[in-house]
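Worksheet: one structure, shown below.
For the numbers below, each heavy atom of this structure counts, side chains included, while hydrogens, waters and symmetry mates do not. To find a chain, count down the sequence lines: A is the first, B the second, and so on, and within it residues start at 1.
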Amino acid sequence: MDYNRLAEILFPHIDKTPEDYEAIYPPREEGKVITRLGPSPTGFIHLGNLYGAFVDERLAHQNGGTFYLRIEDTDDKRYVEGAVDTIINSLKFFGINFDEGAGCGPDSTDAGDYGPYYQSQRGPIYQAFAKRLVSEGKAYPCFLTEEELAEIRARQEANKMTTGIYGECAEKNRNLTCEEVEANIAAGKPYTIRLRSCGDGEHYICVDDGIRGDVSMPCNYQDVVILKANGIPTYHFAHVIDDHLMRTTHVVRGEEWLMSLPIHIELFKTLGFEPPVYCHTAVLMKLDDETGNKRKLSKRKDPELSLDYYRQEGYHPAAVKEYLLTILNSNFEEWRMANPDADINDFEFTTEKMSSAGALFDLNKLNDISKDVLLKIPADELADFMLEWAKEFKPKAAGALSDKEYLTKILNIGRDEAKPRKDLIYAKQIFDFISYFYDDYFVIEERIPEQVSDEDAREILKRYLETYDHSDDQPTWFEKIRTITADLGYAVKPKDYKKHPEEYKGSVAHVSTVIRIAVTGRSQSPDVWTIQQILGEDRVRARIQELIG
RNA sequence: GGUCCUAUGGUCAAGCGGUUAAGACACCGCCCUUUCACGGCGGUAACCCGGGUUCGAUUCCCGGUAGGAUCACCA
């Protein structure tokens, strides 16, 4: 069999050789970690992508290496306009930046010496390597039609065999003569290029996974497709060629790829390439409401998988990042407690400390972490963040929030004390939390405590208004409330009321609550005096007056 | 079904042959307190099951079981 002739028949126009490409893409600096993100160009970046991208980014950047973006658009049906910008910007929002790759240069040009960074533009490269493989008898054209494939599969299933093209059913196409191939091509028959697998399924491969340690599984023995009928490579082939030529040292990808590892290992071996370090991350899980079982987060069912969800809710990117790192590395939380103010990038990230089991996504935890993260962000920065969020997701409120000085004061309530308040979590929640500062959103949401009669409530507010002096300091202000409390037969010390409830109508807590509701519309809020200072005298008086009627 | 991965409280997780089995979140008390939040103190709650190996297994091995992943000319 003349494989060289076969290669020429199949790839007459391919004149560059693998050696040419090796020269065009020389090895990179020794010892540097090179990672990549390889999303398909749907533009849909989800939490899983972010999770993986974060690992890539940390691995490369904490080593002084390179993190690049390669668009895996070998499945032409899925391209969405503007997707690359979306991907870059989504990740940038979370502080993840690429050093090279698709759209990473000025004005969204590609940057780097290892391009093109779109797999769809790398056709000749893949074909050159496929041609070499054919010429060495390691790959061959396969003319099996869809119907024949289906038939083979049906037969295999009926016999409870593993499905796929291997063994006997591969024989016919493996042994086609050059003349037969030429005739088929002349007849316009479509064909794929398949790997002529040397594996037997008896032997095992053993791979030292960066996250999981030693993983072993049966060798590949399937004649997998490497070039589809349209000449575009399958993921498997593109992955091997690209990551070799782009000199990737660490491939971080989801666990769903683990099962195709034998294919990739065989491909690396037959091409004579050194495989990268593989890091197979665990899939993100959630508890299914219906079954109660863990399951993979799904694009369709789980809005929290989409990064948009966090933007809409107004989670600060730093909080999401901080949370991701706590589930990414088991010792991060510990480190954070020891170094509360350190830069997140000072944490030494290791793949060994990553969990290999699927972690359940925990909003509670995110919220808790977010409280601490937001506390470290200056109020005026938070104000900017709130406004940006509102412009996009709550346009009606954007006008009100654009008074930055006012908003900053609100956000700063109780923050710079020894025991700072931690009630800011995410923009949407924050807006609800502070909405009473804005007249358009101010409503009386709660009823006065049952200990206080309507007449008393009115009396409390009346006397409050009469004695109100906006320039009083906090102690003076509260002393006046105590006076009203005592005068109306309520306990000035809540404990007295607790001990002898029969002697009082209620306590200063109830009296304060009436005032609090009048001013904020709610029975729970930060310190009323502080709130009043921010609201301003006119608004305070107006709100009290409104309730007195 | 085959193959592979995983298995510690409700969740995330330390642990890597001998521990009173950490810690965080959530939850529940109490304290602080004019409410809430914060903070402090305390509490409920776990090694999937069965065999080995061993003086001794949560830890090592085997087998179950459960959950997950994957079996395309999709990535």
Would you kindly give the [atom1]-to-[atom2] distance between [X] and [N], to the nearest whole Å?
| X | N | atom1 | atom2 | value |
| --- | --- | --- | --- | --- |
| A:Ile211 | B:C5 | CD1 | P | 15 Å |
| A:Asn220 | B:C4 | CG | C1' | 14 Å |
| A:Lys371 | B:A26 | NZ | P | 6 Å |
| A:Asp527 | B:U34 | CG | P | 11 Å |
| A:Met337 | B:G39 | CE | P | 13 Å |
| A:Gln524 | B:C38 | CD | P | 12 Å |
| A:Phe478 | B:U35 | CZ | C1' | 10 Å |
| A:Leu149 | B:C73 | CG | P | 6 Å |

From the list [options], which nucleotide is the closest neighbour of the side chain of [X]?
| X | options | value |
| --- | --- | --- |
| A:Pro420 | B:A75, B:C38, B:A24 | B:C38 |
| A:Pro494 | B:C5, B:C74, B:U34 | B:U34 |
| A:Trp257 | B:C73, B:A75, B:U34 | B:A75 |
| A:Met259 | B:A75, B:G39, B:A69 | B:A69 |
| A:Lys353 | B:C73, B:U34, B:G15 | B:G15 |

Base, sugar-phosphate, or nothing: which does [X] touch, judged by heavy atoms less than 4.0 Å apart?
| X | answer |
| --- | --- |
| A:Met161 | nothing |
| A:Arg415 | nothing |
| A:Lys495 | sugar-phosphate |
| A:Tyr204 | sugar-phosphate |
| A:Lys422 | sugar-phosphate |
| A:Thr162 | nothing |
| A:Ser216 | sugar-phosphate |
| A:Leu144 | base |
| A:Arg522 | nothing |
| A:Asn367 | nothing |
| A:Ala509 | sugar-phosphate |

Going by the angle between their ring planes, with limits at 30° and 60°, are A:Phe332 and A:Phe347 parallel, tilted or perpendicular?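 A:Phe332 vs A:Phe347 ring planes: perpendicular.
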Return the nucleotide paired to [N]: Watson-Crick means purine N1 to pyrimidine N3 with N6-O4 or O6-N4, wobble means G-U with N1-O2 and O6-N3, both under 3.5 Å.
| N | result |
| --- | --- |
| B:U59 | none |
| B:U54 | none |
| B:G39 | B:C31 |
| B:G23 | B:C12 |
| B:C74 | none |
| B:G17 | none |

Does A:Arg522 make a cation-pi contact with A:Tyr436, if we ask for NZ or CZ under 6.0 Å from the ring centre and within 45° of the axis?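 Output no; distance or angle outside limits.
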Please tell me if [X] has a side-chain N or O lying less than 4.0 Å from either OP1 or OP2 of [N].
| X | N | answer |
| --- | --- | --- |
| A:Thr74 | B:A75 | yes |
| A:Lys228 | B:C74 | yes |
| A:Arg336 | B:A24 | no |

I'd like to know if the side chain of A:Asp456 pairs up with that of A:Tyr490 as donor and acceptor (distance under 3.5 Å, no hydrogens or angles considered).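 Yes, side-chain donor-acceptor contact under 3.5 Å.
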Under 5.5 Å between ring centres and under 30° between planes: does that hold for A:Tyr235 against the base of B:C74?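 Taking the rule of under 5.5 Å and under 30°, the ring of A:Tyr235 does not stack on B:C74.
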Can you tell whether the side chains of A:Glu333 and A:Arg336 come within less than 4.0 Å, N to carboxylate O?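 Salt bridge between A:Glu333 and A:Arg336, a charged N being under 4.0 Å from a carboxylate O: no.
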Any Lys/Arg nitrogen of A:Lys422 or A:Asp372 sitting under 4.0 Å from an Asp/Glu carboxylate oxygen of the other?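 So A:Lys422 pairs with A:Asp372 through a salt bridge.
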Answer with yes or no whether A:Gln474 presents, from its side chain, a donor or acceptor under 3.5 Å of a partner atom in the base of B:U34.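 Indeed, a donor on one side and an acceptor on the other fall under 3.5 Å apart.
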On the side chain of A:Arg516, is there an atom forming a donor-acceptor pair with the base of B:C36 - under 3.5 Å, no angle test?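 It does not, because no donor-acceptor pair links the side chain of A:Arg516 to the base of B:C36 below 3.5 Å.
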Centroid separation under 6.0 Å, is that true for the rings of A:Tyr235 and A:Trp257?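 Yes.
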Of A:Arg153 and A:Met217, the one whose closest RNA chain B nucleotide lies more 5':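 So the residue in question is A:Met217.
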